[in-house]
Protein chains: 2
Amino acid sequence: MENRLDQLKALKYFVAVVETGSFTKAAARFSVPPSSLSRRIADLESSLGSNLLKRSTRVVNLTEIGREYYNQVSKTITELENSNEVVRSYQAKPMGQLRISSMVGFGEKILLPLLDEFNNLYPDIILDVHLSDQLSTLGHDDVDVAIRGGYAPNERVIAQRLMGNQFLPAASASYLTRMGTPRNAMQLQDHKGLYYRTPTGPTAWLCDLDGQWQDVSAPAVAISNGGYWLIDKAIKGEGIIMLPRWILQPYLDRGELQLLDIHPPITTTQNPAFAIYLLYQKQRYHVPKVKAAVDFITTRVKHQYPY
Amino acid sequence: MENRLDQLKALKYFVAVVETGSFTKAAARFSVPPSSLSRRIADLESSLGSNLLKRSTRVVNLTEIGREYYNQVSKTITELENSNEVVRSYQAKPMGQLRISSMVGFGEKILLPLLDEFNNLYPDIILDVHLSDQLSTLGHDDVDVAIRGGYAPNERVIAQRLMGNQFLPAASASYLTRMGTPRNAMQLQDHKGLYYRTPTGPTAWLCDLDGQWQDVSAPAVAISNGGYWLIDKAIKGEGIIMLPRWILQPYLDRGELQLLDIHPPITTTQNPAFAIYLLYQKQRYHVPKVKAAVDFITTRVKHQYPY
DNA sequence: ATTCTTTATTGTCAAAATGACAATAATTAA
DNA sequence: TTAATTATTGTCATTTTGACAATAAAGAAT
């Protein structure tokens, strides 16, 4: 009655056909003839009593129930592969390829400098760092650890807080002597603003006035997603800029910019828990290479940037 | 390199051994000799490179990593079984999204009124009705059942005849008293015609005279793809109209129009089998939602419109 | 419309994996 | 020490899967 069939193999074939959209391409991935996939998937369909794929000689696409099934089993299969990897790498040393995904700015400023040291510590780990501000789903992508602003996407993923990401206002000394130093949020109307454009839009200045969030943005001098161009303008005294502390810090240290102390405080998001998080799959934490990277990054970042 | 092993079966054996604490008891659960479990689990351990179980002749218990592995895969296996169950139940009960494509006129007049009842009968089927006179290819489009005039496009599609679609001549009483009632096809030359324009052109009046098809159209008063406008004109007595019976019927019932009995009979197509067909794909596995819709529509239509 | 090309399926046979049954080894209880 | 239970192993039969050629079908090109 029950299946006389290697269902797992059939599922791997099925998933590959869905992802490549072709029996031939999927067969190449396993180095077997397409007929094998055709047979195994036909058996799978037979055991389920359903057509999963709509085939024609040119195009293969999913049936309604096939799509549903694919969504479920593709996740299940990667989970299983993860479990296998955990066992295989049990009591093994950190090694292999490690994919890290990070926001561009954070990657360039903070992550990559750390990774040089990581490389020395774990020479058997080959790093594959991908910098992008697009959020990836982590789990469907082949990413071991990811660094993102915001919150954890779902509960299957662990989000380890790395550092705050509050945007702070800053300006150069020349600007402040010329325009005066604002102390109150309402005074900002008479100042000039340099606005950083995130992937989700420009970052307006917000202020919690008596429990009401209000936009207290100063008139704009420039808006850009090019952070350095804006910082340059700020240093030249063209306006007030709001950026995360970890970007501002070197300029503050050199005295090129100084933080503004505004009351009530202004931010760019209504959520105070806005921060940078390190994301990884819970089950993969026991894979030595992943554990090594997670532990290394969190301890180093928290030590060097304790805010 | 990769496992030449039915891992899923091995996992089921493994889980059973863990849960029963015994190879023999677990083997009984599958009705196979204990040696099978022993072999499969040994293969599994070999492919993972770790011992999962600590065996002795009296007790079987888990190693540390075996426990970790068990915790993960037991959950994964039940997830997979659930997915299988979802697909199997999809085959058992009419459910899911059902896309119906129909000609506009037929859809508005006949199909949609029926579908309200269908909705009550099968609340788990979500209908998505698309009305259009463009022929869709059915199969390339995501259409489960389609209603079209004409014939079956190819043999992978089943065409179930719903009702005749012969165009019949009709006119109002006022027209006939004024212009006379034509009995012979040749007399039509002295009458007036109202012509319905199908997507493939206006529908000329044809007649089989001694084995020769001839155009016996009356001089045109109006040509349009707007059926109601033409019917209106016919009722006002402006000419003879040819339309399918299922459109004419309500006007005949109310006495606003009456059929003409012309010899030899005139039609708009040379093929006498011209009818309205319900089309659906021949599938290897029966999809209940499709079967439900096909059966429902054919029985209802044939009962209510038995011509 | 017709031909050409690509691609999935099917037939047939070989190879591999799994199951069955008996025999063996090992551990624990008596 | 002995007896009994139980996992493992040897050997062979069965079943499943893979390989390769041939076929059929559908889209693309002309």
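Owing to the predicted nature of the structure, the values given are computational and were not obtained by experimental measurement. Just so it is clear: chains get the letters A, B, ... in the order the sequence lines come, proteins before strands, and each one is counted from 1.
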Value in whole Å for how far the [atom2] atom of [N] lies from [atom1] of [X]:
{"X": "B/Asp43", "N": "D/dT8", "atom1": "CG", "atom2": "P", "result": "12 Å"}
{"X": "A/Lys54", "N": "C/dA8", "atom1": "NZ", "atom2": "C1'", "result": "17 Å"}
{"X": "A/Ile41", "N": "D/dG18", "atom1": "CD1", "atom2": "C1'", "result": "15 Å"}
{"X": "B/Arg40", "N": "C/dA17", "atom1": "CZ", "atom2": "P", "result": "10 Å"}
{"X": "A/Gln7", "N": "C/dA17", "atom1": "CD", "atom2": "C1'", "result": "18 Å"}
{"X": "A/Asp6", "N": "C/dT18", "atom1": "CG", "atom2": "P", "result": "8 Å"}
{"X": "A/Leu53", "N": "C/dT9", "atom1": "CG", "atom2": "C1'", "result": "14 Å"}
{"X": "B/Lys12", "N": "C/dG19", "atom1": "NZ", "atom2": "C1'", "result": "17 Å"}

For residues 19-48 of chain B, which residue pairs qualify under ring-ring contact (aromatic ring centres under 6.0 Å, His included), counting only residues two or more places apart or in two chains? B/Tyr13-B/Phe30
By salt bridge (Lys or Arg N to Asp or Glu O under 4.0 Å) - contacts of [X] (at least two apart):
{"X": "B/Glu64", "answer": "none"}
{"X": "B/Lys93", "answer": "B/Asp124"}
{"X": "B/Asp128", "answer": "none"}

Any residue meeting side-chain hydrogen bond (donor to acceptor under 3.5 Å, both in side chains) with B/Tyr305, in chain and number order, not counting sequence neighbours: none
Could you tell me which residues satisfy side-chain hydrogen bond (donor to acceptor under 3.5 Å, both in side chains) with A/Glu85, sequence neighbours excluded, listed by chain and number? A/Arg284
At under 4.0 Å, does any side-chain N or O of B/Lys9 touch on OP1 or OP2 of C/dA17? no
With a 4.0 Å heavy-atom cut-off, tell me which residues in residues 13-30 of chain B come close to DNA chain D, sorted by residue number. B/Ser22, B/Phe23, B/Thr24
For B/Phe296, check ring pair (Phe, Tyr, Trp, His ring centres under 6.0 Å) against everything at least two apart and list the hits. B/Phe118
If the condition is ring pair (Phe, Tyr, Trp, His ring centres under 6.0 Å), which residues does B/Phe167 pass it with, not counting sequence neighbours? none
Is the shortest side-chain N to carboxylate O distance from A/Glu19 to A/Lys25 below 4.0 Å? no
What one-letter contact string describes nucleotides 20-30 of chain C from 5' to 3', where B marks a base within less than 4.0 Å of any protein heavy atom, S marks contact via sugar-phosphate atoms alone, and - marks no contact? BB----BBS--
Quick one: side chains of residues 37-45 of chain B, donor-acceptor pairs under 3.5 Å with protein atoms, not counting sequence neighbours, listed by atom name and distance.
| residue | atom | partner | partner atom | Å |
| --- | --- | --- | --- | --- |
| B/Arg40 | NH1 | B/Asp43 | OD2 | 2.6 |
| B/Glu45 | OE1 | B/Arg55 | NH1 | 3.1 |
| B/Glu45 | OE1 | B/Arg55 | NH2 | 3.1 |
| B/Glu45 | OE2 | B/Leu52 | N | 2.8 |
| B/Glu45 | OE2 | B/Leu53 | N | 3.2 |
| B/Glu45 | OE2 | B/Arg55 | NH1 | 3.0 |

Hey, which of B/Leu115, B/Val143, B/Asp144 is the one that makes side-chain contact (heavy atoms from CB on, under 4.5 Å) with B/Ile100? B/Leu115
State, to the nearest 10°, the angle formed by the axis through the first five base pairs of the helix from C/dA1-D/dT30 to C/dA30-D/dT1 and the axis through its last five. 40°
